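Step one of this worksheet: look at the structure below.
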Amino acid sequence: MTPEDTVSVSGDIPKNADISGIDVCSHPKRFISRIRIEDRAKLILMAAVVFTVAVLFFIIIFISYNSLDAVKEIGIWEFLTGGTWSPGSGAYGASSLIVGTFLVTGGSILFALPVGLGMAIYINDVASPRVRNILKPACELFAGIPSVVYGFIGLAVMVPFLMDVFPAHLNYGTSWLAGSLLLGIMALPIIISVSQDSLEAVPGSYREASMALGATKWETTRKVVLRSAVSGIAAAVILGIGRALGETMAVMMVTGNSALIPEPLWNIFDMVRTLTASIALEMPEAVHGSLHFSALFMLALILMVIVLLVNTVARRMVRRTKIKMGTEKAADVRRRRLFAPLSESHKEMAKTAAVYALVFAPAFMISSLFIGTYGGIAIGALAAAGLPVSKRISRAIGPNRVQSTVYLMLGITVAAVLAVLAVFLGVIAVNGLPAISPEFIFSPPSNSGLSGGIWPAVIGTIELAAGTALISFPLGVCSGIYLSQYAGDTRLIRLARQAIDSLNGTPSIIFGLFGMSLLVIAFGWGYSLVGGCITLSLMVLPTIIKTTEEAVSAVPKDLTEASAAMGASKWHTVSKVLLPASMGGVITGFILSIGRAIGETAPIMFTAAVAFRTTSSFSLLDPIMALPYHLYYLASEVPGSTANQYGTALVLMMIVIVLFAAASVIRYRYRKKTGW
Amino acid sequence: MNIIETNDLSLWYGNKQTLFDINMPIKKNSITSIIGPSGCGKSTLIRVFNRMNDLIDGTKISGTVLYDGNNICRPDTDVLALRKRVGMIFQKANPFPMTVRDNITYGPKLHGVKDQKELDEIVESSLRRAALFEEVKDRLNASALSLSGGQQQRLCIARALSIEPEVILMDEPTSALDPIATAKIEELALELKENYTVVTVTHNMQQAGRISDYTGFMYLGRLEEFGKTRDIFESPKSELTERYVSGRFG
């Protein structure tokens, strides 16, 4: 039964409904007004969904429209394949930017997948409940650190560190390697949480069956659990890729931004430039209406298409894992046909060959950068030769000791990642605390940010948060309620859900471009507080919708039925029973979203934020200062402002951490109270 | 000859004691049924025999369980080797989401069989002994999840047989099956006792009466009565047993 079946008595009351059993007050006038409230409520909720879906279409239309000039003048094919990106001399070939985007993303996943999956296995297999209760919030905190803070820390800590490690290969430190490492760290939380969810979802009976055959826990995980969870893990990776592709600030700050394809292609020490970085760097100089301006929108369109494709694939995979495991899946049949001509022993051989190649390739690529092609081949071969050796060793020491070795290694990985997090937070705290004082917080910046404080930026950030909350909360919660309680499984609703999911995956800089082209230029508002609020609201809307929908849907159906059985109308049930019962989840999701909005830079850098603003008058149409943009500005434009950079970063982090803590407390309280 | 023998076996989950001083012999090449109402500790008891209770945190055991004369409750027991010798069939068929063949070869590969031909032979002989070969011989590369419920349960039996165990524990193996599939499993159990020792837990007293040589009746974590199946059903010594097997409670 769907929720619709059970509560339809009160859902679409109008014409043919049996009214005798519904109105307990048996007061005809009251009954009519109630129906009117029902209809109005439903209409309002639906309007919120329609609005959200319309946003996606408007984004696509605006981005496409603005890139028309570039399409006409340069041509799509030339734009995609051209090798030189030099707006100054009129050369718009985006291939190096596209390649750069994929290289940085690919590198980050190569690093984040093994580490993230290892951590997920550790959380699932090894960690005691207490350790798990530390690791999971730590992951959330990782995910909550604003991207500009990651970029700042990358620039301040990681880049100098890499230069110390590879003095002969890194001239400036900013490089593909730095970008991939940083992005990998940023992609870890989502990879860990999604793949851990899918590991957890593997039925315990599989585990039992395997252990009863005499397998160790690790053998069971490796041979049964990972195999069963493979599409969930793939989805985790693709979601991580989607996030990495759209990342702007952190990448821009550490990759060096040189629009050239690395030489050789796997030279991780070269500088690269991504699509997002090009947009963010060049938009301030591009004259509105020029070819350059249009070309940047074209980059955004390319980025949007790539991200949409990636996210669609990820959603398909997530859905596939959710389909019950009872029936044979079409994909299995297809796979089997593909491999049918191979005999069992050939299959084994192919598998072995693939494993060897997977070990050889990265070993060769990395070592050849240091000691040339032949040395690289030698090292690669050596690494590949290690495979049978390690197999023999593991046979010799027995499955139990293999298990403890593997789990020890996973534990070390977890500890290392936590140590990195601790270093990140510690560096900010240690360097930021001395900078913080009442004067720093409550006075405006002076001497172009070299001295003085951050008060206007604090105010601006608070204003942005408040405005974003005001706009996004009603819209998001209404849409979430509609999707959870009123929407059926029609084609139109499925389309709407897809649109909202796509909006969820859209890179933040795209929202920035949309806000700029619509609010700043078309509406003529210029940079304004309200423009920033609207842009940020659109960005967090899908998250609020999703968390609301999940929270409302998680309320046990008995409550709905109990309320309906008392003769309550649907809206009455929703507003008096479901919403109060799910408020914990709704508020938690909302606070986390605002936390994310506060730390965002890319959406406000073309819509609201300016480097300096001295007047203290308040107007919705005035530009503002904001902490994340201020940090970016100081870190990239004001050398020598180190103390103020750390101070700004620490204040920003503290606001975000306070919001996260509040969200955790609320979630914990409500979980204890309601028990679901 | 007793292949398994428990002496004053007691078991706790955390602070809750679920088994009390169980003394039970399991005869080689026989079928032993353990009956009793839900929650009486039947499943807990047979999970002692292959140490599957280890998977639950906070399990404590006192007393001894002798397997071939060795106390398997000792912490230095090689649990993996024990589980290789004592196979288990679960209440709900739980084939891996792999092909039929891969389900069978999983155990042998785990324990070091690599030769393709040998694996093929194991697949065929295990499926034959589980009376499943004729039904699936053309579908060895199909997903195990595409089989019917009864076939899946026999596949699980074949999977357990693939590593040549000595004892097969069955934890209510037919409770999720229809009568026809149940009959097939019962028939199979009777054949298996030629070469294996079978211990089965069941709700179904008729089933215990039909297939088992020995029956134990458990109540609230105690072994109320144990003996030849016919004695338990026809002339029980305990009044509790008598009331249970005659269907007056349970």
Side-chain angles (χ1 to χ4, degrees), chain A residues 125 128-129 202-220 222-231 321 323-333 335-349 352 391 394-396 398-403, chain B residues 47 50-52 54-55 57 78-99 101-112 114-117 119-120 123 139-147 149 152 155-156 159-163 165 168-169 171:
Chain A
D125 279 13
S128 65
V202 172
S205 63
Y206 294 171
R207 252 174 204 287
E208 274 195 327
S210 167
M211 309 268 297
L213 286 167
T216 61
K217 202 171 184 181
W218 164 241
E219 284 170 326
T220 303
R222 190 164 72 92
K223 295 182 174 168
V224 179
V225 178
L226 283 179
R227 263 184 84 162
S228 312
V230 74
S231 48
T321 49
I323 293 174
K324 259 195 164 168
M325 290 185 152
T327 50
E328 190 173 17
K329 293 168 221 141
D332 289 343
V333 179
R335 190 166 13 161
R336 220 172 41 242
R337 279 207 197 113
L338 196 63
F339 289 113
L342 291 174
S343 76
E344 283 295 310
S345 49
H346 283 126
K347 257 187 250 177
E348 291 291 327
M349 270 163 65
T352 318
K391 229 176 201 171
S394 63
R395 187 150 304 158
N400 279 320
R401 247 172 287 169
V402 169
Q403 166 166 309
Chain B
R47 278 161 181 262
N50 63 348
R51 294 270 303 262
M52 283 299 272
D54 288 14
L55 303 188
D57 287 333
D78 183 347
V79 180
L80 304 183
L82 173 70
R83 290 183 187 148
K84 185 174 179 298
R85 294 169 73 181
V86 184
M88 188 163 204
I89 312 297
F90 296 85
Q91 188 163 3
K92 202 163 162 283
N94 55 358
F96 299 128
M98 309 170 182
T99 63
R101 180 201 306 273
D102 287 347
N103 263 283
I104 308 282
T105 56
Y106 180 84
K109 277 185 181 169
L110 199 63
H111 295 292
K114 277 162 102 183
D115 183 52
Q116 252 341 299
K117 240 171 96 189
L119 285 171
D120 285 344
V123 169
R139 296 202 277 162
L140 292 180
N141 287 322
S143 164
L145 301 177
S146 67
L147 303 181
Q152 287 190 11
L155 178 64
C156 291
R159 184 176 62 189
L161 296 178
S162 69
I163 49 173
I168 298 167
L169 308 173
D171 188 355

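Chain A is the first sequence line, chain B the second, and so forth, proteins listed ahead of strands; every chain is numbered from 1. Fair warning: this is a prediction, and the values are worked out from it, not measured in the lab.
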- Message: Whether the side chain of B:His111 engages the backbone of A:Leu213 through a donor-acceptor N/O pair (distance < 3.5 Å, no angle test) should be reported.
- Response: yes
- Residues passing the side chain to side chain donor-acceptor pair (under 3.5 Å) test with B:Arg85, sequence neighbours excluded, are B:Asp68, B:Glu166
- Query: By a 4.5 Å heavy-atom criterion (distance strictly below it), what part of B:Val79 contacts chain A: side chain, backbone, both, or neither?
  - Reply: neither
- Does the side chain of B:Leu55 reach to within under 4.5 Å of the side chain of A:Arg207, using non-hydrogen atoms? no
- For A:Ala209 and B:Arg159, the nearest pair of non-hydrogen atoms, with its separation, is CB-NH2, 3.1 Å
- Message: I need the B:Leu110 CG to A:Ser210 OG distance, nearest 0.5 Å.
- Response: 6.5 Å
- Item | Nearest-0.5 Å distance that lies between atom CG in A:Asn400 and atom CG in B:Leu80 | 4.5 Å
- Message: For B:Pro165, which atoms come within 4.5 Å of any heavy atom of chain A: side chain, backbone, both, or neither?
- Response: neither
- Task: Go through the atoms of B:Asp115 and report whether side chain, backbone, both or neither lie under 4.5 Å from a heavy atom of chain A.
- Result: neither
- What is the distance from atom NZ of B:Lys109 to atom NZ of A:Lys223, rounded to the nearest 0.5 Å? 8.5 Å
- If every non-hydrogen atom of B:Pro97 is compared with every non-hydrogen atom of A:Tyr206, which pair is closest and at what distance? CD-CE1, 3.3 Å
- Task: Begin from the C-alpha positions of B:Asp54 and A:Met211 and carry the test side-chain contact (heavy atoms from CB on, under 4.5 Å) through to its verdict.
- Result: CA-CA 11 Å; B:Asp54 288 14; A:Met211 309 268 297; over 6 Å; no
- Query: Given that the side chain runs from C-beta out, which part of B:Lys114 has a heavy atom under 4.5 Å from chain A: side chain, backbone, both or neither?
  - Reply: side chain
- Query: Under a 4.5 Å heavy-atom cutoff, which of A:Glu208, A:Glu219, A:Lys217, A:Arg227 has the most pairs with chain B?
  - Reply: A:Glu208
- Item | Any residue meeting ring-ring contact (aromatic ring centres under 6.0 Å, His included) with B:Phe96, in chain and number order, not counting sequence neighbours | B:Tyr106
- Give, as side chain, backbone, both or neither, the part of B:Arg47 having an atom under 4.5 angstrom from any heavy atom of chain A. side chain
- Message: Would the distance check show the side chain of B:Asn94 and the main-chain N or O of A:Ser205 forming a donor-acceptor pair, the cut-off being under 3.5 Å?
- Response: yes
